[in-house]
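Data block below; observations after.
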Amino acid sequence: MSAAYVSLSYVDVALASLLVVLNAAISIALGLGLARRLLLAAARMTVQLLLVGLVLKTLFSLASPSATAAAALFMGLVAGREILARQENPLSGVWGYGIGTTSIMLAGGLVTIFGLVAEIGHDPWYAPRFAIPLFGMILGNGMTGIALGLDTLTGLSRRERPAIEAALTLGATRWQALRPVVRRALSTGLMPIVNSMAATGIVSLPGMMTGQILSGVAPTEAAKYQLMIMFLIAGSTGLGVLGAVFGTTLRLTDARHRLRLDRLAPHGSTAKASIGK
């Protein structure tokens, strides 16, 4: 059997999509109420991936650093929006969007550049064929960790308000009073990547490694690339969660060491409402 890449037709993709239709039918039969959401999510994913494929084809042909940077900026802004949307009680105003977006873009950008320059070593290092997929994988994992960390921080701060304010009244600084909450938030934000690394290999073969193997790359080489990617993702997620949690902690308090829950969006408000403030 040849190790060459096997091309898929749209008919092959359509056949695979029948499994999603089957899930929707099961949802209808059992009264789960998920059929519409499932089909809409599948349709949205299909349109997005096809459009991304066209955009990447154009970017690869241009090989322009400015075009690559513009695409990365857009990806980072969308990732920041997703971080905000996954929080039940984000910070109000631009802070709710700004802290998460800044954290993921700085952490993801720095780690991506490190990976491109120090690890992959392609010339030029900003080649979109390498930069965009790598940045996308780092963003996708980082935004989950940051969103979980921030949601835990704001939720626990609201729930533990009496204990936090009691500690502040007794003379504790904002960092001392919020230390248990911050630790819990950091732990929660890092848990997905920790679990992912623990399960990778035996329980699951990641998408990048699987794709390389299917395209004919030796499994040992694919494993090395996957290890590099996972280490980069772990580093970026750690830096992003740390920056976002500490930045939000500063916003939730003030220079007089008071807890400022009034800076949170109203309980249960949507991310869209928070942006509009």
Side-chain angles (χ1 to χ4, degrees), residues 76 79-111 138-139 141-198 231 233-277:
R81 177 63 179 80
E82 288 297 316
I83 290 172
L84 180 61
R86 297 180 188 190
Q87 297 175 62
E88 185 178 358
N89 299 122
L91 292 171
S92 61
V94 297
W95 292 95
Y97 178 74
I99 291 179
T101 304
T102 302
S103 298
I104 196 169
M105 289 186 68
L106 282 178
L110 290 174
V111 171
I138 288 174
L139 285 183
N141 288 270
M143 70 181 186
T144 299
I146 292 174
L148 286 173
L150 293 182
D151 194 51
T152 300
L153 176 67
T154 55
L156 282 179
S157 296
R158 189 185 291 274
R159 192 169 69 199
E160 300 295 329
R161 178 176 185 172
I164 295 171
E165 291 186 334
L168 292 171
T169 301
L170 293 174
T173 66
R174 53 183 168 180
W175 297 110
Q176 292 170 334
L178 283 164
R179 184 178 299 165
V181 174
V182 169
R183 284 179 174 173
R184 181 71 175 275
L186 292 174
S187 225
T188 302
L190 292 174
M191 194 55 62
I193 186 61
V194 172
N195 291 338
S196 179
M197 288 192 293
F231 292 148
I233 289 173
S236 174
T237 300
L239 292 174
V241 171
L242 187 67
V245 167
F246 274 72
T248 301
T249 300
L250 285 173
R251 181 61 182 168
L252 279 178
T253 55
D254 58 25
R256 297 173 63 184
H257 300 280
R258 296 177 299 179
L259 186 63
R260 298 294 304 273
L261 294 184
D262 58 296
R263 292 175 175 175
L264 290 176
H267 187 66
S269 64
T270 63
K272 181 180 292 187
S274 178
I275 286 182
K277 293 185 176 184

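Everything numeric here is computed off the predicted structure, so don't read it as measured data.
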For this session: Dump the intermediate steps for side chain to side chain contact (heavy atoms under 4.5 Å, CB included) on Q176 and L170, then the final yes or no.
Result: CA-CA 11 Å; Q176 292 170 334; L170 293 174; over 6 Å; no

For this session: Considering non-hydrogen atoms only, spot the tightest contact between G96 and Q87 and give its length.
Result: O-NE2, 4.4 Å

Problem set entry | Side-chain touch T154/E88, heavy atoms, less than 4.5 angstrom | no

For this session: Compare all side-chain heavy atoms of R174 with those of T249 and state whether any distance is below 4.5 angstrom.
Result: no

For this session: Please test L150 against R86 for side chain to side chain contact (heavy atoms under 4.5 Å, CB included), starting from the C-alpha separation and ending with a verdict.
Result: CA-CA 9 Å; L150 293 182; R86 297 180 188 190; over 6 Å; no

Problem set entry | Heavy atoms from other residues, nucleotides or ligands near CZ of R184 exceed 12 (cutoff 6.0 Å) | no

For this session: Could you give me the CA-CA distance, side-chain angles and deciding distance for L91 and L252, then say whether side chain to side chain contact (heavy atoms under 4.5 Å, CB included) is met?
Result: CA-CA 8 Å; L91 292 171; L252 279 178; 3.9 Å; yes

For this session: Determine whether more than 12 heavy atoms belonging to other residues, nucleotides or ligands lie under 6.0 Å from atom CZ of R258.
Result: yes

Exercise. Looking only at heavy atoms, what is the nearest atom pair of R251 and R260, with distance?
Worked result: O-CB, 4.4 Å

Exercise. Counting only N and O atoms by type, is there a donor-acceptor contact under 3.5 Å from the side chain of T188 to the main-chain atoms of G149?
Worked result: no

Exercise. Are L264 and R158 side-chain neighbours, meaning at least one heavy-atom pair lies under 4.5 Å?
Worked result: yes

For this session: Identify the heavy atoms of P90 and L84 that sit nearest to each other, and give their distance.
Result: CB-CD1, 3.3 Å

Exercise. Can you name the nearest heavy-atom pair linking A265 to N89, along with the distance?
Worked result: O-ND2, 4.3 Å

Problem set entry | Spacing of CD1 belonging to I164 relative to OG belonging to S157, to within rounding of 0.5 Å | 4.5 Å

Seminar exercise, completed: dist T144:OG1 -> L139:CG (nearest 0.5 Å) comes out at 10.5 Å

Exercise. Can you find a heavy atom in the side chain of F246 that is under 4.5 Å from one in the side chain of V182?
Worked result: yes

Name each donor-acceptor pair under 3.5 Å that joins a side chain in residues 100-111 to protein atoms two or more places apart or in another chain, with its distance.
from : atom 1 : to   : atom 2 : distance (Å)
T101 : OG1    : Y97  : O      : 2.7
T102 : OG1    : G98  : O      : 2.7
S103 : OG     : I99  : O      : 2.8
S103 : OG     : A244 : N      : 3.2

Exercise. Looking at residues at least two apart in the chain, or sitting in another chain, which of them share a side-chain hydrogen bond (donor to acceptor under 3.5 Å, both in side chains) with R159?
Worked result: none

Seminar exercise, completed: Separation between CG (N195) and CG (L190), nearest 0.5 Å, reads 11.0 Å

Exercise. Does the side chain of W175 come within less than 4.5 Å of T253's, by heavy atoms?
Worked result: no

Seminar exercise, completed: Taken to the nearest 0.5 Å, the spacing of T173 OG1 from H257 NE2 works out to 6.0 Å

For this session: Write down the atom of A147, the atom of I83, and the distance for their closest heavy-atom approach.
Result: CB-O, 4.0 Å

Problem set entry | Closest heavy-atom pair and its distance - G145, T237 | CA-CG2, 4.4 Å

